[in-house]
Protein chains: 2
Amino acid sequence: MTVIDSNPVKSPPVDVCVVAGTDHPRPDGQDRYTIREVAEYTGLRAHTLRWYEEIGLMPHVERSHNGQRLFSNRDLDWLTFVRRLRLTGMPVADMVTFAELVRQGEATFDERREILEQTRREVVTRIAELQDTLTVLDAKIDFYAGARRASERD
Amino acid sequence: MTVIDSNPVKSPPVDVCVVAGTDHPRPDGQDRYTIREVAEYTGLRAHTLRWYEEIGLMPHVERSHNGQRLFSNRDLDWLTFVRRLRLTGMPVADMVTFAELVRQGEATFDERREILEQTRREVVTRIAELQDTLTVLDAKIDFYAGARRASERD
DNA sequence: TAGGACGTTCAAGTGCACTTGAAGCAAGCG
DNA sequence: CGCTTGCTTCAAGTGCACTTGAACGTCCTA
């Protein structure tokens, strides 16, 4: 599948469907993760995480005394949400726009809501399309299955 | 019933994989379309249609006396199906593989059915993911709608 | 103190699915 | 006849979302 895989992310003993930034238990109880840990947790590659930061898709990520990234639980929440948005087909550029609004604070609540409402509409449309596709696939599968039965007198 | 008024003079379902066609009205009642008409009908660009043929994603397309492509209703059905498959996220390369199986005739019915069944499973998964995403979006939209005074979150 | 694992930056490369361009032929119209 | 429109082929270019590579730094264990 081209459109972002539904990667079997090795899932920690945790629910991933984060809704808001509330406290979710994480791989361990802490709040500081290396890029490697985050890569494992999110299913994204370390390079991709750095690239996300570079293009402005991540809020500021802390650094350790020697310059290594230290991701927080909040970062994990954000990445989980980003992964969901990607899943809907939203382009990375649009997510960067959204991230910028988040950085601008509460003043952009309305704008953010509008974006998410638009995204919601697109997701609904997409689900409908996929359901239609399911119908088409079923018809074809039936056809092939029927043709097979018809020739089962060999 | 699943469609296809395509061929007025149609014989038994012995042939290609044209089972579920489209419910779109055809440009007219005929069976010969220029690349431009097909582009308009399918929403694909003429160049893309030529490229599809080039990579083996189209069955043989007829040509006029002077070399211009003449698409048939069957070609239109195929393109509609291709569009659906693309919608599911299936890579073009995989669709080419499927097209090759179609070219090989009835002997590949089973294999084709398996591919479509796999695709079906993927579509079902994707729909579930999108529905989860809807839940997440709704929660965030509610948050933004309900919180004018709340402290900043994400 | 040497090795290896893991991290860093900057830059170039990859794969996919088209998209655009260049050059040319053929038909139809004023 | 010349012009426009619309097709043809072959080839190179584009945009997106990473991905890979090179060169180097730092920490831990042996």
Side-chain angles (χ1 to χ4, degrees), chain A residues 1-7 9 27-28 30 32-58 60-72 75 78-79 81-99 122, chain B residues 27 32-58 60-72 75 78-99 119 122:
Chain A
M1 291 269 203
T2 302
V3 193
I4 307 335
D5 52 309
S6 20
N7 240 331
V9 179
D28 37 42
Q30 61 176 36
R32 294 284 168 276
Y33 309 98
T34 65
I35 201 165
R36 151 174 268 266
E37 287 168 328
V38 176
E40 265 163 27
Y41 178 71
T42 60
L44 297 164
R45 306 193 45 187
H47 267 98
T48 304
L49 291 169
R50 288 189 203 104
W51 178 69
Y52 275 8
E53 190 180 337
E54 187 188 326
I55 63 174
L57 189 46
M58 284 297 297
H60 176 73
V61 176
E62 249 191 281
R63 298 297 181 118
S64 71
H65 65 96
N66 62 339
Q68 295 191 194
R69 285 170 183 80
L70 291 176
F71 292 79
S72 66
D75 295 330
W78 173 251
L79 283 168
F81 181 53
V82 161
R83 226 176 74 82
R84 279 229 167 269
L85 287 185
R86 285 292 300 120
L87 208 69
T88 69
M90 181 185 285
V92 167
D94 290 4
M95 301 196 306
V96 170
T97 303
F98 190 86
E122 286 164 8
Chain B
R32 294 283 169 278
Y33 310 97
T34 65
I35 201 166
R36 149 173 268 266
E37 287 167 329
V38 176
E40 266 163 26
Y41 176 72
T42 61
L44 297 164
R45 308 193 43 185
H47 268 98
T48 303
L49 291 168
R50 289 188 204 103
W51 178 67
Y52 274 8
E53 190 181 339
E54 187 187 326
I55 63 173
L57 189 47
M58 286 294 300
H60 176 75
V61 176
E62 249 190 282
R63 299 295 183 119
S64 73
H65 65 96
N66 63 339
Q68 295 190 194
R69 285 171 184 79
L70 291 175
F71 292 80
S72 66
D75 294 329
W78 173 250
L79 284 168
T80 302
F81 181 53
V82 160
R83 228 175 67 84
R84 280 227 165 270
L85 286 186
R86 286 291 300 121
L87 209 68
T88 69
M90 182 186 285
V92 167
D94 290 5
M95 301 196 308
V96 170
T97 303
F98 190 86
T119 302
E122 285 163 7

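Here is how names work: the chains are called A, B, and so on, in the same order as the sequence lines, proteins then strands, and each is numbered from 1. For clarity, every value in this text was computed on a predicted model and none was experimentally measured.
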(message) Output the rounded distance in Å from CZ (B:R36) to C1' (D:dT8).
(response) 16 Å

(request) With sequence neighbours left out, write down each residue that passes side-chain hydrogen bond (donor to acceptor under 3.5 Å, both in side chains) with B:T42, or none if nothing qualifies. (result) none

(request) May I have the distance from A:E37 (atom CD) to C:dG7 (atom P), rounded to whole angstrom? (result) 8 Å

(message) So, using side-chain hydrogen bond (donor to acceptor under 3.5 Å, both in side chains) as the criterion, who are the partners of A:E62 when residues are at least two apart?
(response) A:R32

(message) Looking only at side-chain N and O atoms, does A:S72 offer a donor or acceptor that is under 3.5 Å from a partner on A:D75?
(response) yes

(request) Starting from the first five and the last five pairs of the helix from C:dT1-D:dA30 to C:dG30-D:dC1, work out the angle between the resulting helix axes, to 10 degrees. (result) 10°

(message) Assuming nearest nucleotide by heavy-atom distance, tell me which of B:R69 and A:A93 is located more 5' along DNA chain D.
(response) B:R69

(request) Rounded off to whole Å, could you give me the CH2-to-P distance for the A:W51 and D:dT20 pair? (result) 14 Å

Using a cutoff of under 3.5 Å, can you pull out all pairs of nitrogen or oxygen atoms linking the protein to nucleotides 2-4 of chain C, with atom names and distances?
none

(request) Kindly say whether B:M90 contributes a backbone atom to a donor-acceptor pair with the side chain of B:R86 at under 3.5 angstrom? (result) yes

(request) Could you tell me which residues satisfy side-chain contact (heavy atoms from CB on, under 4.5 Å) with A:A46, sequence neighbours excluded, listed by chain and number? (result) A:I35, A:R50

(request) For A:L70 and C:dT8, give me the distance from atom CG to atom C1', rounded to whole Å. (result) 13 Å

(message) Distance check needed: D:dT8 C1' versus B:E62 CD, whole Å only.
(response) 17 Å

(request) Drop me the distance from B:Y52's OH to B:T48's OG1, to the nearest 0.5 angstrom. (result) 6.5 Å

(message) Judged by each residue's nearest nucleotide on DNA chain D, which is more toward the 5′ side, B:E54 or B:A46?
(response) B:A46

(message) Using whole Å, what does the distance between atom P of nucleotide D:dG15 and atom CZ of B:R45 come to?
(response) 13 Å

Taking only nitrogen or oxygen atoms into account, show me every contact under 3.5 Å that the protein makes with nucleotides 21-29 of chain C, one pair per line with its distance.
residue: C:dG21; atom: O6; partner: B:H47; partner atom: NE2; Å: 3.2

(message) Less than 4.0 angstrom between a side-chain N/O of A:R63 and OP1 or OP2 of C:dG7, yes or no?
(response) no

(request) Return the value, rounded to whole Å, for the distance between atom CD1 of A:I35 and atom C1' of C:dA5. (result) 15 Å

(message) Looking at A:Y52, I'd like to know whether one of its side-chain N or O atoms comes within less than 4.0 Å of OP1 or OP2 on D:dC18.
(response) yes

(message) If the cut-off is 4.0 Å, is B:T34 near the phosphate of D:dG6, judged by side-chain N/O to OP1 or OP2?
(response) no

(request) Could you tell me which non-hydrogen atom of B:A99 sits nearest to which non-hydrogen atom of B:G56, and how far apart they are? (result) CB-O, 3.6 Å

(request) First locate atom CZ of B:R45, then atom CH2 of B:W51, and finally report the distance between them rounded to the nearest 0.5 Å. (result) 13.5 Å

(message) Rounded to the nearest 0.5 Å, what separates atom OH in A:Y41 from atom CG in A:L79?
(response) 9.5 Å

(request) Please lay out, stage by stage, how A:R63 and A:R69 fare under the test side-chain contact (heavy atoms from CB on, under 4.5 Å). (result) CA-CA 4 Å; A:R63 298 297 181 118; A:R69 285 170 183 80; 3.2 Å; yes

(request) Measure the spacing between CZ of B:F81 and CE of B:M95 and express it to the nearest 0.5 Å. (result) 9.5 Å

(message) Could you work out, with side-chain hydrogen bond (donor to acceptor under 3.5 Å, both in side chains) as the rule, every residue matching B:E40, not counting sequence neighbours?
(response) B:R36

(request) Report yes if at least one side-chain N or O of A:T48 is closer than 4.0 Å to OP1 or OP2 of D:dA17; otherwise report no. (result) no

(message) Distance check needed: D:dC10 C1' versus B:R50 CZ, whole Å only.
(response) 12 Å

